[in-house]
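Counting convention: from 1, in listed order, for ligands and their atoms alike. Just so you know, these numbers use all the heavy atoms, side chains as well, and skip hydrogens, waters and symmetry mates.
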Amino acid sequence: MDVKKVGFIGLGNMGFPMASNLLKAGYTVYGVDVNKENEKRFVEIGGRVGFTPATLSSEVDIMLTSLPTPQIVESVYLNPDGLIPNGEAPLTLIDLSTVSPEVNKKIAQTAEENGIQYLAAPVSGSVTGAEAATLSVMVGGAQDTFEFAIPYLNTIGKNIFHVGEDHGLGTIVKLINNLMAGIHTQAVAEALSLADAAGLSHEKVYEIVNVSSGQSGVFTRNYKSFIEKNEYIKGSFTTALLLKDLKLANHVSESLNRELPLGKMLVDYFESNIEGYAEKDMSSAYLMLTNKTVEAAK
Ligand code: NAD
């Protein structure tokens, strides 16, 4: 059998389990991460390392990226030592990171000028979804490139959507999703803080709300996987990444002359209070609020 070679850049909370699912599906996967500990862990599960984005882009026909910020994505794709300047067609690049629609379009244009296929394909479903290969994937880009990418995307996710040929459209859906996840996260924090003040157990409130109108996937995720365990690092979507996405959602909204009253307030609130919580899971918004209340009462 001709074993297909896949490149994967960014072996972090999301990238590592996605790359490991590609390995499990039988692909030969070449991983790159600036954090060499992540590359070491990747070798232990059968991945190959020792490449840079530049050397890898001439080695494989398809490459996926899962990187933290729009700035880092832009540099990995467009810098002189990046993927596109060193890529040799035929090459398909799929960015699974959450960035801005502008960055998607800028990369798309440069890719096209170089004869390289590119999809902007942000994902949703948390680290647990990445591990279980049940992610939702929201793709912007050409129909034929989407069709070529489907087997790879099916390896990492369960619900694969082609949102449109405009490269920024999948990202806009993803930012809408995370605007809602952010507002729900703050709702959970405020709800459990109020429960504390009233002497109600979190479990009792969760049991009742979970079968009532305040129920949400974010309540279950944040409470069951993090707040209940008082564990905010393992499997995290960090508060810093949530704040990045809320800012991106606000930016998109402003560019479309719309208002996001709560979205804007949440950006201001997190910016003023994020110290100590940036690298913890977003559910630590509960700690952010309750610690603040305790401090204020002193
Ligand atoms: P992460 O910080 O855990 O992983 C990013 C990885 O990229 C890290 O291992 C880092 O060392 C590596 N990296 C940084 N700069 C690099 C470079 N120049 N070259 C190579 N590697 C580099 O972040 P994550 O939680 O895995 O998120 C990745 C992306 O997925 C983000 O855009 C995030 O918004 C999005 N996302 C995250 C989640 C989640 O639940 N964590 C869910 C959906 C989407």
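Each of the atoms 34 (O), 37 (C), 38 (C), 39 (C), 40 (O), 41 (N) of ligand 1 lies under 4.0 Å from some heavy atom of Phe237. Of all atoms in ligand 1, listed by their number and element, those nearer than 4.0 Å to a heavy atom of Asn38 are 9 (O). Taking every non-hydrogen atom of Ile9 and a distance limit under 4.0 Å, the qualifying atoms of ligand 1 come out as 20 (C).
For Ser236, a nitrogen or oxygen atom sits less than 3.5 Å from a nitrogen or oxygen atom of ligand 1, counting backbone and side chain alike. The distance criterion of under 3.5 Å between nitrogen or oxygen atoms is not met by Lys174 with respect to ligand 1. Geometrically, ligand 1 and Ser97 share no nitrogen or oxygen pair separated by less than 3.5 Å. Checking only distances, Asn13 does come within under 3.5 Å of ligand 1, N or O to N or O. Checked against a 3.5 angstrom limit, the closest N/O atoms of Thr69 and ligand 1 fall outside it. Residue-to-ligand polar distances keep Val123 apart from ligand 1: every N/O pair is separated by 3.5 Å or more. Of the N or O atoms in Lys244, one or more lie within a sub-3.5 Å distance of an N or O in ligand 1.
Annotation: Glu113, atom CD; neighbour count of heavy atoms from other residues, nucleotides and ligands within 6.0 Å is above 12. Heavy-atom contacts from other residues, nucleotides or ligands closer than 6.0 Å to CD of Glu275 number 12 or fewer.
When hydrogens are left out, the protein atom nearest atom 13 (N) of ligand 1 is Val34 CG2, 3.6 Å; that is the closest non-hydrogen contact. Given atom 23 (O) of ligand 1, the protein heavy atom at minimum distance is Leu241 CD1, 3.8 Å. When only non-hydrogen protein atoms are considered, atom 35 (C) of ligand 1 lies nearest to Thr98 OG1, 3.8 Å. Given atom 28 (C) of ligand 1, the protein heavy atom at minimum distance is Ser66 OG, 3.5 Å. Looking only at protein heavy atoms, the nearest one to atom 4 (O) of ligand 1 is Gly12 CA, 3.3 Å. Here the heavy atom of the protein found nearest to atom 36 (N) of ligand 1 is Met14 CG, 4.1 Å.
Across the listed options Ile72, Asn79, Leu96, Ile72 owns the non-hydrogen atom lying nearest to atom 15 (N) of ligand 1. In the candidate list Asp33, Val76, Val32, Asp33 is nearest to atom 9 (O) of ligand 1, counting heavy atoms. Taking each of Gly10, Pro68, Gly15 in turn, the one with a heavy atom nearest to atom 5 (C) of ligand 1 proves to be Pro68. When the options Asp245, Leu248, Leu67 are ranked by their closest heavy atom to atom 31 (C) of ligand 1, first place goes to Leu67.
We find that Asp281 and Arg221 are joined by a salt bridge, their nearest charged nitrogen and carboxylate oxygen being less than 4.0 Å apart.
With hydrogens and angles left out, the side-chain atoms of Thr238 and Tyr277 include no donor and acceptor closer than 3.5 Å. One side chain, Asp196 or Tyr286, offers a donor N or O that lies under 3.5 Å from an acceptor on the other. A donor atom on one side chain and an acceptor atom on the other are not found under 3.5 Å apart for Tyr152 and Thr92. No donor-acceptor contact under 3.5 angstrom links the side chains of His202 and Glu228, judged on distance only. Inspection of the Glu112 and Tyr118 side chains reveals no N or O donor paired with an N or O acceptor under 3.5 Å.
Of the residues listed (Ile172, Thr171, Val139, Leu169), the one engaging Val163 in a side chain to side chain contact (heavy atoms under 4.5 Å, CB included) is Leu169, and it is the only one.
Ring to ring, Tyr206 and Phe219 are close: their centroids are under 6.0 angstrom apart.
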Problem set entry | Test log, rule salt bridge (charged side-chain N to carboxylate O under 4.0 Å, His left out), inputs Arg48 and Glu39 | CA-CA 8 Å; Arg48 306 206 180 171; Glu39 288 195 353; over 6 Å; no

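With Ser253 contributing its side chain and Arg258 its backbone, the two residues share a donor-acceptor pair below 3.5 Å.
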